[in-house]
Amino acid sequence: MNLLELAFVLGICAFFTLFSLPWQNQSLNLAHHTLAYHLQYAEILALSDDREFLHIQDTQNLKREFPSINESSLLKHTQNSFWQFQLHLGKIYSTSSYSVFSDTPRKSISTNFDSRPMAADVIALDSFGRCVSGYNNTNTSAVCKNNTLLNTRLSERLGLQSLQVVAPKVCSERETARIYFDRFTRAFCSKIPLRFDERFVISLNKKQQKKSLCVLPQGKITSC
């Protein structure tokens with residue numbers, strides 16, 4: 001390769017580097033913004049949720065929409081149905097993705113408060129009626145099949161290389177992590193909602209760049 005050819009190759013490399021770096025920054029910023037927005041959305045859904053499951057008649061509206069729910073379990077374990085923001089960190093379905101949903105109890109043991117956004121769970125919708133879930137496109141509610149918000153799939157859609165969580169020990173779960181909010185916007189974590197007393201950190205990584213979000217115990221969401 002002569003000097004002219006080498007200069008041409010270096011020029012091509014410089015051209016692609018020049019235009020790829022802004023997109024890397026842009027896509028990471030978009031992932032960070034999208035995740036922050038939907039964390040806040042889960043909090044708003046919790047704040048505006050007027051459902052109270054104190055008596056069996058309080059479950060009837062949900063029962064009409066989802067006939068398979070277990071009303072007595074809903075009355076006994078109401079906190080399990082808090083609105084939650086769940087991160088999907090494993091290799092099943094779409095990794096490095098997330099969902100916003102309210103879990104429901106079912107009569108079947110295998111699907112009773114199964115801690116995943118599946119069929120018969122209440123999955124949040126965006127302003128265009130798309131489901132805010134990157135978990136599963138088959139075993140999900142009818143309205144969500146082929147109707148999910150693609151940006152919830154941070155790796156597949158935005159090229160995110162890793163999604164990491166540093167959280168209090170009480171929040172530890174396998175291949176997932178989650179934040180619940182109650183109607184007072186207090187934050188909870190773990191499969192069974194528990195309060196925590198240290199910040200919950202979510203970090204997004206791409207091309208040696210990193211952006212993080214923190215959820216504080218009182219429910220405040222902030223960059224960190």
Side-chain angles (χ1 to χ4, degrees), residues 38-88 92-93 98-145 147-149 152 168 170-197 200 215 217-219 221:
H38 285 123
L39 262 171
Q40 293 171 335
Y41 184 35
E43 192 171 35
I44 291 169
L45 287 171
L47 184 64
S48 60
D49 193 347
D50 60 358
R51 299 177 302 170
E52 282 193 292
F53 303 116
L54 303 177
H55 307 284
I56 195 71
Q57 58 266 30
D58 298 332
T59 68
Q60 296 312 297
N61 287 338
L62 193 62
K63 178 74 173 178
R64 278 192 290 272
E65 188 172 359
F66 303 107
S68 63
I69 70 164
N70 185 328
E71 303 102 303
S72 59
S73 181
L74 186 58
L75 294 176
K76 188 176 180 180
H77 304 289
T78 300
Q79 73 278 9
N80 289 10
S81 66
F82 286 165
W83 282 100
Q84 64 176 282
F85 178 97
Q86 183 182 23
L87 294 160
H88 311 302
I92 298 177
Y93 305 121
Y98 63 85
S99 300
V100 177
F101 71 105
S102 172
D103 204 1
T104 58
R106 261 66 61 78
K107 294 174 182 177
S108 170
I109 295 176
S110 63
T111 55
N112 181 48
F113 281 131
D114 58 4
S115 305
R116 298 169 295 166
M118 306 287 272
D121 289 325
V122 185
I123 301 176
L125 302 177
D126 73 356
S127 57
F128 295 99
R130 297 171 298 188
C131 292
V132 185
S133 177
Y135 182 65
N136 189 328
N137 194 44
T138 53
N139 190 3
T140 187
S141 61
V143 72
C144 294
K145 289 182 179 178
N147 183 40
T148 57
L149 183 62
T152 58
V170 70
C171 301
S172 297
E173 294 189 70
R174 185 172 177 267
E175 297 187 339
T176 188
R178 75 190 74 225
I179 292 287
Y180 301 85
F181 297 101
D182 68 7
R183 63 174 54 206
F184 304 105
T185 69
R186 294 174 299 191
F188 298 73
C189 68
S190 189
K191 185 174 182 178
I192 298 174
L194 298 171
R195 294 302 308 277
F196 56 96
D197 56 10
F200 186 110
V215 182
Q218 66 270 30
I221 302 166

*To the nearest 0.5 Å, how far apart are CD in Q57 and NE2 in H55?*
6.0 Å
*For D121 and D103, indicate whether the former's side chain and the latter's backbone hold a donor-acceptor pair under 3.5 Å.*
no
_Distance (rounded to the nearest 0.5 Å) between S115 OG and R178 CZ_ = 4.5 Å
_Residues which pass side-chain contact (heavy atoms from CB on, under 4.5 Å) with S102, listed by chain and number, not counting sequence neighbours_ = R51, S81, W83, V122
*Check whether more than 12 heavy atoms from other residues, nucleotides or ligands sit under 6.0 Å from atom CG of L194, and answer yes or no.*
yes
*Grab the two heavy atoms, one from A46 and one from D182, that are nearest each other, plus how far apart they are.*
CB-O, 3.5 Å
*asked:* One pair to check against side chain to side chain contact (heavy atoms under 4.5 Å, CB included): Y135 and M118. What are the steps and the verdict?
replied: CA-CA 9 Å; Y135 182 65; M118 306 287 272; 3.5 Å; yes
*According to the interplanar angle, ranging from 0 to 90°, do the rings of Y98 and H38 count as parallel (below 30°), tilted (30 to 60°) or perpendicular (above 60°)?*
tilted
_Suppose we screen for side-chain contact (heavy atoms from CB on, under 4.5 Å). Which residues come up paired with Q40, at least two apart in sequence or across chains?_
I221
_Side-chain heavy-atom pair Q86, P117 within 4.5 angstrom cut-off_ = yes
*Working to the nearest 0.5 Å, report the span between CZ of F113 and NZ of K191.*
12.0 Å
*Taking the side chain as every heavy atom from C-beta outward, state whether L125 and C131 have any pair of such atoms under 4.5 Å apart.*
yes
*Describe, in one word, how the ring planes of Y180 and F82 are oriented to each other, choosing from parallel (under 30°), tilted (30 to 60°) and perpendicular (over 60°).*
perpendicular
*For side chain to side chain contact (heavy atoms under 4.5 Å, CB included), just list the numbers for T152 and S99, CA-CA rounded to whole Å, side-chain angles, deciding distance to a tenth of an Å, and then say yes or no.*
CA-CA 7 Å; T152 58; S99 300; over 6 Å; no
*Would a 4.5 Å heavy-atom cut-off, applied to side chains only, mark L45 and F85 as touching?*
no
*Of N61, L62, I56, the residue whose pairing with T59 passes side chain to side chain contact (heavy atoms under 4.5 Å, CB included)*: I56
*When you measure from the side chain of R186 to the backbone N and O of F181, does any donor-acceptor pair fall under 3.5 Å?*
no
*salt bridge (Lys or Arg N to Asp or Glu O under 4.0 Å) partners of K145, counting only residues at least two apart*: none
*Looking at CG of D126 and OG1 of T148, how far apart are the two atoms once the value is rounded to the nearest 0.5 Å?*
10.0 Å
*Can you check whether L87's main-chain N or O pairs, donor with acceptor, with T176's side chain at less than 3.5 Å?*
yes
_Interatomic spacing from CG in L149 to CD1 in I123 - rounded to 0.5 Å_ = 12.5 Å
*Nearest 0.5 Å please: distance from the OH atom of Y41 over to the OG atom of S127.*
8.0 Å
